[in-house]
Structure formats: C-alpha cells, structure tokens
Amino acid sequence: MQNHALEIAKSTDYHVYLVGYLENRPHEKIMSNESIEIVDISSKLVNTLRKLPKILYLVYAALRILIQIFILLNLFLRQLQKPDFIIVQNPPSIPGLAILFLISRIKRIKLLIDFHNYGYSIVALNIRNKFVIKLARKYEEFFGRFADYKFAVSDAMRKDLNDNWRIESSVLYDKANLEIFRPINMDERHELFQKLGLKGYTVKKGSSVEYEQGRPILLVSATSWTSDEDFSIVVNALENYDTEAKQAAAGRFPRLNLIITGKGPLKEQFFRGLEQKRADWTHINIESLWLEANDYPKLLAAADLGICLHYSSSGVDLPMKVVDMFGAGLPVLAINYKSIGELVQDDKNGKIFKDANDLQKILKDLFIDFPKNQGTLERLKREALKFRERTFQDEWRDVVLPLIKDTSSKKGAGKKA
C-alpha cells in the first residue's frame, strides 16, 4: 500500500490518506511526502487482546472485528474529508471489505480491491471449523465481487478469481520501489555491517573496502512468523550442510550465517528450539535482527542470497519479500508452490526447492570452495537485477492510473484518495 500511496502522490494531484496500523515506522519516502497523510488506526485494546491464548482465538477475533468496525466507520464518516476513491489491500478481509463497501455506497466513493491473497485461506491456518472457513470465503467472494475495480497479484490468482469467484480482475504485479530497494556499493556494505554489529564480512584498507578473506556467506530471510512458513526446513537444511562440512576437507565449506528479519507469534518458540542445537554448529549460524525501515533494503543488497519459505495459504499469491529482494539485486531460493514460478524462475533469477534435502544440495552446489566457482551465483545475480527493468511505476501507470483518471474525470478531478 505504500507503493500505491507513493504513485498516487507522484502521478496525480491527489492528497493521499494512508490508513493502516503504524506498528512500524514507514519508509522516509512516505514520511517526507507532503501529499501523503498517515492515519494510524492501531488500537491498544486490540494489541492487548492479541495476547489471549490460542484457545480463545474466536473470542479475540470477534472483539477485534467490533473494534475495527467502530474505528473505520468513525474515520470515514466523521473524521476524514470524503475521498474520491479507496484502494484496499486484501487480506485482511474481515471486517474491512464489508465496512469499506458500505462506506463506498453511502458516500458514493469508488472502491478498488488489490487482491494479494485470500483472507479465508489465512483464517484456515488458525482454525479448523469448516463452517467458519466457508462463511469467510463466501463473505470475501460477495464483497470482492461488488467492488468497482479489482486487481490480482498474479496471473494464477486472476484466473482463480474468474473461474471460481466470477470476479474479473486485472493483474497488477508487485515490484519493489527502486528508490528504496537497490544495489549498494562496498562502502555502504561496510557502514551497514558496522552499524548492525556484523563482524568478519568487510575490512577497510586505506580508502577502499574489501571483503575479508574467509568471510561467512550472508543469507537473509524475512518472515512475519506465521504458520504458512515452516522454518524447520531451513534449519534441517543448514544442519545437514553443517554435518557434511565437518566431514569434508578444511576450507571447502564456507560458514553460512542466516539472518531472519521480522517479528510475529512463532518467533520466540522458534529460537527457543535452537538454543540447545547451537553448541554443535561449526559452519552455520542463525540469528534474528529487527531493523529500521531504512536498513532493511540495505541488508538485502548486502547479502549473498535470499531464502523464501512462503508456502502460500492460497497457492496463488506471490511473496512481497521476494519482490524486494529482486529489487535489491538479490537472487532467491524459494520453496515450491503453484504460482511461485511467475516470480522466481528456477535456475534463472533463483532456484526453487521442495524440501530440506533439496535446499541443502543447492546451498552446497552454490558455495562449495567459495570464493572459487561462483559462476552460477553471479549469473543468478545478473538475472535478479533484470527484475528492476520493469518498475512498479510501469505496472501501476498501465493498470491503475487509467482507472483513477477515469474516476477523476467523472467527479471533476477530486483531491482526496
């Protein structure tokens, strides 16, 4: 949604309300744009309720929905100046789709839905009640169908919406904001490593910066620590790599350091499970970093390889984390599912794996005898950089801007979005 806001601000004369949860500070490009006004709808009560035990998930969900309904109605019917149109990302679906549909009809506002996944498929990760899941799907299908314009994040999703939900949509591929996600030079790498306390990667010699001899390989993965990502796969792969490295001749297997960014409900459980294993590791390390918004793109650009464990609850979405990695010129190893090939092209801009053994073999093939034999990795990096050739601005101006201009001309060029 930050990309939508930036493009509206750059391509039109609208004043943009960026409505959402200000849990993390948006990028400086958003904060410094005078045409974008951030509206925080975070609720301390919702954050408190989130700590309820999982057995009370339905109670938490019901109370959260009621609070969000009140916040959204109060915001759009009383506080904000009437916008010409609303763009909402789905999911989350409940209660946003219903409330924004109602508001759009009361206020005669155009409603645009950007489908990034299906909310009901995420609900299914947390509960097993088939009636609730079916109801969530019908809800999403109904309100999705009556939006004025719909976008799908992949062609597989576009086909699925059309075939199974009778919803016509246009494909709007995610692209990284290239002003934010970009390759960096060695000086910037060194500065970042110093800031984050990551030692052993670079060294300053006079006025230049070089990689340290025998440096670790830097792997990066980003997650929201939810149940649609199974990090045991990467742990098993790395431990298999470590076992083989111990048996090999000294120096053949470089150390692998995996940095996992993000926060979420399963994070503490995951790292507690690693505590007793660490003592046995000689060639691998797994650590967590929480980064400032401006440092995350730099870490991606400084890394050697990205890893994506996003399974997709629906099978037809595409992970934004991979889009950002490609924007930074970082090739990606991604777990296989139905639509991932629209983004990660196997053995071209990355590699696709199916399980821990597959991932371990890829890591071994890419890095054995490092820094020698780097032809494959360098080729993957060159192809990943080509992802930058078509920007989100290109996608947005081809798909979204004509609809906004049409809305503006019918309304006499409104000023709020």
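By convention here, the first residue in the shown sequence is residue 1.
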Begin with the C-alpha distance, continue with both residues' side-chain angles, and end with the deciding distance and a verdict on ring-ring contact (aromatic ring centres under 6.0 Å, His included) for Trp165 and Tyr118.
CA-CA 11 Å; Trp165 291 23; Tyr118 300 145; 4.7 Å; yes

Between Tyr311 and Tyr337, is the ring-ring contact (aromatic ring centres under 6.0 Å, His included) condition met? List the steps.
CA-CA 6 Å; Tyr311 263 115; Tyr337 66 91; 8.0 Å; no

Could you check whether [X] pairs with [Y] (Lys NZ or Arg NE/NH1/NH2 to Asp/Glu carboxylate O, under 4.0 Å)?
X      : Y      : value
Lys107 : Asp84  : no
Arg158 : Asp155 : yes
Lys386 : Glu383 : yes
Lys364 : Glu244 : yes
Lys175 : Asp398 : no
Arg272 : Glu275 : no
Lys195 : Asp295 : yes

One pair to check against side chain to side chain contact (heavy atoms under 4.5 Å, CB included): Leu75 and Tyr17. What are the steps and the verdict?
CA-CA 11 Å; Leu75 182 67; Tyr17 296 122; over 6 Å; no

Check the orientation of Phe270 and Trp225. Use parallel for under 30°, tilted for 30 to 60°, and perpendicular for over 60°.
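Because their plane-to-plane angle lies in the 30° to 60° range, the rings of Phe270 and Trp225 count as tilted.
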
When the ring planes of His4 and Phe392 are compared, do they come out parallel, tilted or perpendicular, using 30° and 60° as the limits?
perpendicular

Looking at [X] and [Y], what are the two nearest heavy atoms and their distance?
X      : Y      : answer
Phe131 : Asn129 : N-OD1, 3.0 Å
Gly144 : Phe115 : CA-CZ, 4.1 Å
Pro254 : Ile217 : CG-CG1, 3.9 Å

Checking [X] side chain against [Y] main chain: does a donor-acceptor pair fall under 3.5 Å?
X      : Y      : answer
Asp242 : His283 : yes
Asp394 : Thr391 : yes
Tyr120 : Val132 : no
Asp304 : Leu218 : yes
Arg189 : Ile184 : yes

Exactly one of Pro92, Ser93, Ser314, Ser313 should register a side chain to side chain contact (heavy atoms under 4.5 Å, CB included) with Ile122. Which one does?
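For Ile122, the side chain to side chain contact (heavy atoms under 4.5 Å, CB included) test succeeds with only one of Pro92, Ser93, Ser314, Ser313, which is Ser313.
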
Run through Ile307, Ile233, Ile284, Asn285 and flag the one making a side chain to side chain contact (heavy atoms under 4.5 Å, CB included) with Leu238.
Ile284

Check whether any side-chain heavy atom of [X] sits under 4.5 Å from a side-chain heavy atom of [Y], and report yes or no.
X      : Y      : answer
Trp396 : Asn3   : no
Arg255 : Thr282 : no
Phe143 : Ile113 : no
Ile87  : Tyr149 : no
Asp365 : Thr376 : no
Pro83  : Leu80  : no
Tyr296 : Phe181 : yes
Ile41  : Val19  : yes

Sequence neighbours excluded, which residues qualify as ring pair (Phe, Tyr, Trp, His ring centres under 6.0 Å) partners of Phe253?
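If we apply the ring pair (Phe, Tyr, Trp, His ring centres under 6.0 Å) test to Phe253, skipping adjacent residues, the hits are Tyr241.
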
All pairs passing salt bridge (charged side-chain N to carboxylate O under 4.0 Å, His left out) where residues 124-144 contributes a residue, at least two apart:
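Listed by first then second residue: Glu141-Arg145.
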
Heavy atoms from other residues, nucleotides or ligands near [atom1] of [X] exceed 12 (cutoff 6.0 Å):
X      : atom1 : value
Lys159 : NZ    : no
Glu191 : CD    : no
Gln79  : CD    : yes
Phe70  : CZ    : no
Glu168 : CD    : no
Glu268 : CD    : no
Lys199 : NZ    : no
Lys29  : NZ    : no

Side chains of Ser104 and Lys110: any donor to acceptor distance under 3.5 Å?
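No pair is found: no donor N or O on one side chain lies under 3.5 Å from an acceptor on the other.
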
Going by atom type alone, with no hydrogens or angles, which donor-acceptor pairs under 3.5 Å involve a side-chain atom of residues 316-332 and a protein atom two or more places apart or on another chain?
residue : atom : partner : partner atom : Å
Asp317  : OD1  : His310  : NE2          : 3.2
Asp317  : OD1  : Ser312  : OG           : 2.4
Asp317  : OD2  : Asn117  : ND2          : 3.4
Asp317  : OD2  : His310  : NE2          : 2.8
Lys321  : NZ   : Ala222  : O            : 2.9
Lys321  : NZ   : Glu229  : OE2          : 2.3

Output the distance between atom CG (Asn294) and atom CD1 (Ile180), rounded to the nearest 0.5 Å.
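Reported value, rounded in 0.5 Å steps: 8.0 Å.
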
Stepwise, does the side chain to side chain contact (heavy atoms under 4.5 Å, CB included) test hold for Phe101 with Phe146?
CA-CA 8 Å; Phe101 171 79; Phe146 287 102; 3.5 Å; yes

N/O donor to acceptor pairs below 3.5 angstrom from side-chain atoms of residues 32-39, sequence neighbours left out:
residue : atom : partner : partner atom : Å
Ser32   : OG   : Glu28   : O            : 2.7
Asn33   : OD1  : Ser35   : N            : 2.9
Glu37   : OE1  : His15   : NE2          : 2.9

Set out, in order, the CA-CA distance, both residues' side-chain angles and the distance that settles side chain to side chain contact (heavy atoms under 4.5 Å, CB included) for Leu309 and Phe353, then state yes or no.
CA-CA 10 Å; Leu309 292 160; Phe353 61 91; 3.8 Å; yes

So is Lys263 actually on top of Trp290's ring, under 6.0 Å and inside 45° of the axis?
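Relative to the ring axis of Trp290, which defines the angle, Lys263 lies inside both limits.
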
Strictly by side-chain hydrogen bond (donor to acceptor under 3.5 Å, both in side chains), give each pair with a member in residues 341-354 just once, sequence neighbours left out.
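Residue pairs passing side-chain hydrogen bond (donor to acceptor under 3.5 Å, both in side chains), neighbours aside: Tyr173-Glu342, Asp347-Lys351, Asp347-Arg379.
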
Please list all pairs passing the side-chain hydrogen bond (donor to acceptor under 3.5 Å, both in side chains) test where one or both residues lie in residues 69-78, with sequence neighbours left out.
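Pairs touching residues 69-78 that pass the test: Asn74-Arg78.
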
Between Ser170 and Lys150, does a side-chain hydrogen bond (donor to acceptor under 3.5 Å, both in side chains) hold up when you go through it step by step?
CA-CA 7 Å; Ser170 302; Lys150 283 80 69 173; over 6 Å; no

